[in-house]
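For ligands, and for the atoms within them, numbers begin at 1 and follow the listed sequence. Nothing here was measured: the structure is a model prediction, and the numbers come from that model.
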Amino acid sequence: MPYVLAIDAGTTSCRTLLFDEKLQVAGLAQEEFRQYFPQPGWVEHDAEEIFETQYRTLLKVLDKTSVPLEEIVAAGITNQRETVVIWNRHSGKPIYPAIVWQDKRTESACKHLRQEHPGIRQKTGLVVDAYFSATKINWILEHVPGARDAADSGDLLCGTIDTWLIWKLTAGAVHATDHSNASRTMLYDLQATGWDPELLGLFGIPAAMMPEIRDSDGFFGNIVLGENKIPIRGVAGDQQAALYGQGCHSAGQAKNTYGTGCFLLLHIGEQAHITDNGLLTTVAWKLDGTISYALEGSVFQAGSVIQWLRDGLGLLESAEESAKMAAALSDNGGVYLVPAFTGLGAPYWDPDARGMICGLTRGTDRRHVVRAALESIAYQSADILRTMEAAAGIPLSELRTDGGATGNNWLMQFQSDIIQKPVLIAGIQESTALGAAMLATRHDNAFQQTRSAHQRVCKPVMSASDSTSLYAGWLAAVKRASS
Ligand code: ADP
């Protein structure tokens, strides 16, 4: 029976999953690795430690499942995006710790770039931010003694975590990335679908350092395990892999991951629309030479609002309790909670807005506040989906969901009511790894490619007019919370 490995290199842990031909999970191993915070705003990883941790989980899953190596016909890689590693091509040693996507050390450089180079947004689809790889690579070349000279003489290689793992797993044979990861570097031209010489020049990055960009379902070399070789046949960044794993393979399909925050991606087809409201345009994947794009937006405060009710206000014992409390009320009593703890993101972009609970009456009790918090997760997601639909001119057919908070049935039903579209809830929490496994076996008929990852569907039961008036109440509350 054929199997496929999914190598999932996350921000705090590495996981390796083994999927069978029906794309069911046959085994999983996971291990956390260290986070380094050398200065305020800085976040680093040890790239060697990431590889070793990842490799241990790979061996562990093989050991646990006892599947013969010759039955593992392919491997897919999915990874935390934007984080960069620079290493010496001869020694294989990183010259500096990996600078993680969360790292803000290049923020002031980005502020300057935003003013001086407005064209970057149009070319890359990204908002100029320290988040993306380009300024991090530049920082290492500028600050590590000898790095600039070594780069100029062709001794250094650079990559995101996918590239680093591919290089290590193939014993230095392949230095490559895929289009989805490349599009997060701020060095990639969305239209030309390649590294942009002008941007490489602007950030002082020699082209020879950069990995070759391959299709997301391309061949990325072999993982050599003793006598056996496992070909790496699929690579995508984590959010794009989740979009693929959720089966959002055509324009108009979207997924939302409900965790601490929410990550929304809408597949927009083969044309890259750049929006003027701060949503990111990104490559979803390139398959068999055909590129697909996605709009990406995030809700900063989602599950974290429930954590705040539990830990900050003491209104809840557990996150799970929130569903029952919300369901105990027949309506929201006019209470709205705007969780603008750190300002408002897309589509409002108001960094000075602050959180607010409004509509309180003498009849309000803690259940109203809990319900308002859950509702806010759905309203914020609806805000982004509406903005995406309008920007792309593509109506959304349904919303596919995953992540920890999808365990809340009340929230999922409310989400469906507010967007007035079906919400399909993943039965598997591993959409990201599933996406990597699906990409890696796309061309292999032995694997089922139509596996429905969805366990439950919520269809709208609320009338359109009730939904519209609730949403209008949210928009009014947001206005009051604005600066
Ligand atoms: P992350 O990957 O961001 O750590 P998870 O996918 O593990 O997040 O989801 C955890 C988040 O989801 C927490 O913020 C938690 O408050 C929220 N959450 C978990 N279960 C529920 C629930 N039943 N109702 C509402 N929120 C929940």
Option set G303, G259, G10, criterion heavy-atom distance to atom 10 (C) of ligand 1, minimum: G259
Carboxylate-amine/guanidinium contact E31 R56, below 4.0 Å: yes
Protein contact to atom 25 (C) of ligand 1 [nearest heavy atom, distance to 0.1 Å]: N408 ND2, 3.7 Å
Atom indices of ligand 1, in the order listed, that fall short of 4.0 Å to a heavy atom of S322: 24 (N), 25 (C)
Ring centres under 6.0 angstrom apart (W308, F341): yes
Non-hydrogen atom of S304 closer than 4.0 Å to ligand 1: yes
Note: E48-K168 ion pair, threshold 4.0 Å (strictly below): yes
Option set K324, Q301, Q307, criterion heavy-atom distance to atom 14 (O) of ligand 1, minimum: Q307
Ion pair D238/R81, N-O distance below 4.0 Å: yes
Given Q239, H179, R184, the one that forms side chain to side chain donor-acceptor pair (under 3.5 Å) with T282: R184
CG on L295 to OG1 on T387, rounded to 0.5 Å: 10.0 Å
A319 and ligand 1 - part of the residue with a heavy-atom distance under 4.0 Å: both
ring-ring contact (aromatic ring centres under 6.0 Å, His included) against Y244, all qualifying residues, sequence neighbours excluded: H249, W285
Selected option - heavy-atom contact closest to atom 18 (N) of ligand 1, from S318, A405, G403: A405
Nearest protein heavy atom with distance in Å, relative to atom 6 (O) of ligand 1: G404 N, 2.8 Å
For atom 3 (O) of ligand 1, the option (of V370, T260, T12) bearing the nearest heavy atom: T260
Short N or O distance, I306 and ligand 1, threshold 3.5 Å exclusive: no
